[in-house]
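Here the structure is laid out as structure tokens; the discussion comes afterwards.
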Amino acid sequence: AQSVTQPDIHITVSEGASLELRCNYSYGATPYLFWYVQSPGQGLQLLLKYFSGDTLVQGIKGFEAEFKRSQSSFNLRKPSVHWSDAAEYFCAVTGGGNKLTFGTGTQLKVEL
Amino acid sequence: NAGVTQTPKFQVLKTGQSMTLQCAQDMNHEYMSWYRQDPGMGLRLIHYSVGAGITDQGEVPNGYNVSRSTTEDFPLRLLSAAPSQTSVYFCASSYSFPPGQGNEKLFFGSGTQLSVL
């Protein structure tokens, strides 16, 4: 069965600082991996996705993520955080079997 | 505007009442799904559908029914609401699954906040 672990429930960073949100997945073969962002009271918006090929993927709003098969990880990064990035971030995985499994989320707070 | 429309946005029920959460999309998406979101538990898949007339269970299907009589609509039914079903419900759709080939992605509705007293 596929699963996702986001070990950090809350993260606080200062505006302008770099950010890394951790995501570890469990799946037997090469997974399809996603990062979504949810602002308060809103639905989820796709930041980026990994299907195959280049293991460093670029997304919207200046985010990037790196797929590391050896570590079963797909960490999200941003070099300089903006106050508007404060939100909840979800990592998700699927093996293609019609089910998308989400992690429990990481709440990001940005200090001005 | 094109997208996924969920109604109602808010609902309060008493234990044992029934209701239907509506989800409609106008993008001709084959894949539709329902999630519930609870604090500390992320989003959990309730039911999904890969096309009209086809539905299947997700991680937490108990207490919920779905049907898919048209491509556009995917209603979620609570036959006898329980306090454990207090949650925020999201409908999501995509043209195919897994979403992500080319510019394909999973579109989410804005959610329905349900309280069961």
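Within every chain, numbering begins at 1; the chains are lettered A, B, ... in the order of the sequence lines, protein sequences first and strands thereafter.
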Exercise. B:Phe97 versus A:Thr94: any side-chain heavy-atom pair under 4.5 Å?
Worked result: yes
Problem set entry | Within-4.5 Å side-chain heavy-atom neighbours: A:Phe34 and B:Leu106 | no
Is [Y] reachable from [X] through a run of hydrophobic residues whose side-chain heavy atoms are each under 4.5 Å from the next?
X        : Y       : value
B:Phe90  : B:Tyr64 : no
A:Val4   : A:Leu76 : yes
B:Tyr48  : B:Trp34 : no
B:Phe107 : B:Leu21 : no
B:Leu13  : B:Phe10 : no

For this session: Name the region of B:Gln113, side chain, backbone, both or neither, that has any atom closer than 4.5 Å to a heavy atom of chain A.
Result: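 Neither part, no heavy atoms under 4.5 Å.
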Exercise. Relative to chain A, which segment of B:Leu45 carries a heavy atom at a distance below 4.5 Å: side chain, backbone, both, or neither?
Worked result: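 Side chain only.
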Exercise. Between B:Ala92, B:Gly111, B:Gly42, which residue shows the highest count of heavy-atom pairs closer than 4.5 Å to chain A?
Worked result: B:Gly42
Problem set entry | Part of A:Gln45 lying under 4.5 Å from any heavy atom of chain B | neither
Exercise. What part of A:Gln38 lies closer than 4.5 angstrom to a heavy atom of chain B: side chain, backbone, both or neither?
Worked result: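 Side chain only.
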Exercise. Can you tell me how far the CG atom of A:Leu100 sits from the OG atom of B:Ser94, to the nearest 0.5 Å?
Worked result: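 It is 9.0 Å, given to the nearest 0.5 Å.
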Exercise. Can you tell me how far OH of B:Tyr35 sits from CG of A:Leu44, rounded to the nearest 0.5 angstrom?
Worked result: 9.5 Å
Exercise. For B:Ile54, does the CD1 atom sit with more than 12 other heavy atoms under 6.0 Å from it, leaving out its own atoms?
Worked result: yes
